[in-house]
Amino acid sequence: MKLNIAVLAGDGIGPEVTTQAIKALEAIGHSFNHTFIFKDALVGAIAIDKTNNPLPDETLDLCKDTDAVLFGAIGDPKYDNNPNAPIRPEQGLLKLRKELGLYANIRPVKAYDTLLDKSPLKRSIIEGTDISIYRELTGGIYFGKKHTNSEGTIASDLCEYSKEEIERITHLAFKAAQNRRKKVTLIDKANVLESSRLWRKVVTEIATQYTDVTLDFMFVDNAAMQMILNPNQFDVIVTENMFGDIISDEASVIGGSIGLLASASVGDTYCMFEPIHGSYPQATGKGIANPIAAILSAAMLLEHFNLHQEAMMIKLAVEKALELNITTSDLNPENPLTTEKVGDFIADYIENPEDSNINFENIHVGQSTII
């Protein structure tokens with residue numbers, strides 16, 4: 001297979017972790033005889049600095065003219081710490097999602113056996129956790145009408161959803177559940193919000209079309225608590241934009257590091273794959289950023305194009321790295337490896353899985369077995 005991939009590495013640690021994801025995809029290409037062509041483009045703070053636009057037209061055009069988008073991270077303190085900045089990096093990402101019609105964000109959350117003791121939660125609570133979160137991505141409060149009065153003393157953000165917006169992601173969630181443990185949990189705030197009551201109505205109607213899947217409801221405040229007390233009760237979660245943003249970040253503590261969580265953003269035509277972590281500007285250039293989330297995002301890209309054996313190879317390489325403790329300081333503070341060396345090992349394992357012990361020694365003496 002030949003795929004053209006737009007690379008929007010972005011800001012902070014984005015370029016560092018995205019480089020490792022590309023490295024893994026290139027190793028897959030070599031091993032499985034695929035051709036991946038990568039084309040770089042600007043987005044976020046670096047795009048503002050160079051073009052005064054967080055999403056230049058050239059970037060958007062490239063994304064529409066390629067098969068998939070591999071995204072890094074956006075954000076910079078000079079914008080994050082200035083609430084009055086008229087142009088912000090996040091505007092570029094929101095516009096990109098809207099322009100590409102990426103209405104469904106899929107975030108897997110898994111408790112790896114080798115990392116159960118790395119989580120701040122008890123092993124007995126998180127063991128066996130395997131959740132897929134379906135977050136609606138192009139509607140709700142993030143995209144609703146915004147208003148501030150002339151005195152700057154009152155502000156509002158409109159949370160608005162249509163039946164069609166709810167239907168399309170709900171069908172994706174139920175179809176996913178049919179291939180998993182056959183349970184969908186809708187997270188909302190239907191006791192207070194009119195938009196949540198519409199979600200309940202529409203999701204309940206759609207559930208009748210999937211008789212093999214059980215539907216459950218949970219208010220978002222309770223869901224936030226249950227995610228910590230008993231995450232194993234969840235299989236597939238479907239929820240609106242802001243709730244999904246918050247709940248999925250909370251769920252990152254289950255695995256022991258937000259640097260493990262990948263995501264796919266898909267629509268009817270386009271697709272984008274990115275780690276859920278931010279740009280982590282304090283770590284930029286230090287080689288301490290965990291690249292695994294970006295690498296697992298590359299695996300989700302392969303799955304999207306039905307390259308399931310190839311995606312599994314990346315996952316096996318990641319699991320081997322975790323098993324051998326070939327990780328960055330967030331998971332291995334005593335003897336950490338750099339972002340690049342973690343990526344080197346994973347790429348090398350993909351191409352040479354039988355030589356993992358030799359590769360492990362090479363990585364630790366500062367050598368690299370892959371160019």
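Rounding to the nearest 0.5 angstrom, the gap separating the CG atom in L301 from the CG atom in L296 is 12.5 Å. Within the model, atoms CG of D188 and CD of E240 stand 9.0 Å from one another, a figure rounded to the nearest 0.5 Å. From E274, atom CD reaches atom CG of L261 across 12.0 Å, with rounding to the nearest 0.5 Å. Separating the CG atom in N352 from the CG atom in D348 is a distance of 4.5 Å, to the nearest 0.5 Å. Taken to the nearest 0.5 Å, the OG1 atom of T19 stands 9.0 Å off from the CD atom of E340. Here the CG-CG distance, from D65 to N4, works out to 8.0 Å after rounding to the nearest 0.5 Å.
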* salt bridge (charged side-chain N to carboxylate O under 4.0 Å, His left out) evaluation trace for K110 with E319 -> CA-CA 12 Å; K110 180 179 179 180; E319 290 182 4; 3.3 Å; yes
* Asked: Going through the checks in order, is the salt bridge (charged side-chain N to carboxylate O under 4.0 Å, His left out) test met by D235 and R180?
  -> CA-CA 7 Å; D235 178 21; R180 290 172 51 90; 2.8 Å; yes
* **Intermediate values then yes/no, side-chain contact (heavy atoms from CB on, under 4.5 Å), Y103 and D268** => CA-CA 9 Å; Y103 59 82; D268 296 329; 3.0 Å; yes
* Go through V342 and T338 one step at a time and tell me if the side-chain contact (heavy atoms from CB on, under 4.5 Å) criterion holds. => CA-CA 6 Å; V342 173; T338 65; over 6 Å; no
* Check the pair E99 / K64 against salt bridge (charged side-chain N to carboxylate O under 4.0 Å, His left out), numbers first and verdict last. => CA-CA 9 Å; E99 289 284 341; K64 291 181 176 180; 3.6 Å; yes
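With hydrogens and angles left out, the side-chain atoms of T153 and N149 include a donor and acceptor closer than 3.5 Å. Looking at R107 and S248, their side chains do bring a donor and an acceptor atom within 3.5 Å of each other. With hydrogens and angles left out, the side-chain atoms of S279 and D11 include no donor and acceptor closer than 3.5 Å. A donor atom on one side chain and an acceptor atom on the other are found under 3.5 Å apart for Q20 and K23. In this model, no donor atom of one side chain and acceptor atom of the other lie less than 3.5 Å apart for T51 and N53. Side-chain polar atoms of D157 and Y142 form no donor-acceptor pair below 3.5 angstrom.
Using cut-offs of 30° and 60° for the angle between ring planes, the H34 and F36 rings count as tilted. Ring geometry for W199 versus Y161: interplanar angle over 60°, hence perpendicular rather than tilted (30 to 60°).
Within a 6.0 Å radius of NZ in K182, more than 12 heavy atoms belonging to other residues, nucleotides or ligands are found. Within 6.0 Å of the CD atom in Q282, the count of heavy atoms belonging to other residues, nucleotides or ligands exceeds 12. Other residues, nucleotides and ligands contribute more than 12 heavy atoms inside 6.0 Å of the NZ atom of K146. Residue-environment remark: CG (N33) stays at or below the threshold of 12 foreign heavy atoms within 6.0 Å. In the displayed structure, M312 atom CE is contacted under 6.0 Å by at most 12 heavy atoms of other residues, nucleotides or ligands.
In this structure, T129 contributes its side chain and I126 its backbone to a donor-acceptor pair below 3.5 Å. Side-chain atoms of E16 do not come within 3.5 Å of backbone N or O of I13 as any donor-acceptor pair. Looking only at distances, a side-chain donor or acceptor of S162 sits under 3.5 Å from a matching main-chain atom of E165. Put simply, the side chain of T170 never gets that close to the backbone of V203: no donor and acceptor are under 3.5 Å apart. Panel note: side chain R197, backbone A190; a donor-acceptor pair is recorded below 3.5 Å. N232 contributes a side-chain N or O that, together with a main-chain N or O of E127, makes up a donor-acceptor pair within less than 3.5 Å. No donor-acceptor pair closer than 3.5 Å links the side chain of K39 to the backbone N or O of T66. Panel note: side chain K2, backbone I37; no donor-acceptor pair is recorded below 3.5 Å.
Under a hydrophobic-cluster definition in which Ile, Leu, Val, Met, Phe, Trp and Tyr are linked whenever side-chain heavy atoms come within less than 4.5 Å, directly or via other members, M300 and I5 are assigned to the same cluster. Using a 4.5 Å cut-off between side-chain heavy atoms of Ile, Leu, Val, Met, Phe, Trp and Tyr, with links allowed through other members, L42 and V7 fall into different hydrophobic clusters.
Annotation: side chain of F273 is in contact with side chain of C271 (closest heavy-atom distance under 4.5 Å). When side chains are defined from C-beta on, V318 does not count as touching K315, because their heavy atoms never get closer than 4.5 Å. Inter-residue side-chain proximity for L302 and L25 is flagged as met; some heavy-atom pair is nearer than 4.5 Å. The shortest distance between side-chain heavy atoms of R135 and I246 does not fall below 4.5 Å. The closest side-chain heavy-atom distance from E136 to I166 is not below 4.5 Å. Side-chain atoms of I292 and L322, non-hydrogen and from C-beta on, do get closer than 4.5 Å to each other. Contact check for Y349 versus I346: no side-chain heavy atoms found under the 4.5 Å cut-off. When side chains are defined from C-beta on, L186 does not count as touching M218, because their heavy atoms never get closer than 4.5 Å.
Checked against side-chain contact (heavy atoms from CB on, under 4.5 Å), V220 has the following partners two or more places apart in sequence or in another chain: I187, K189, F243, I247.
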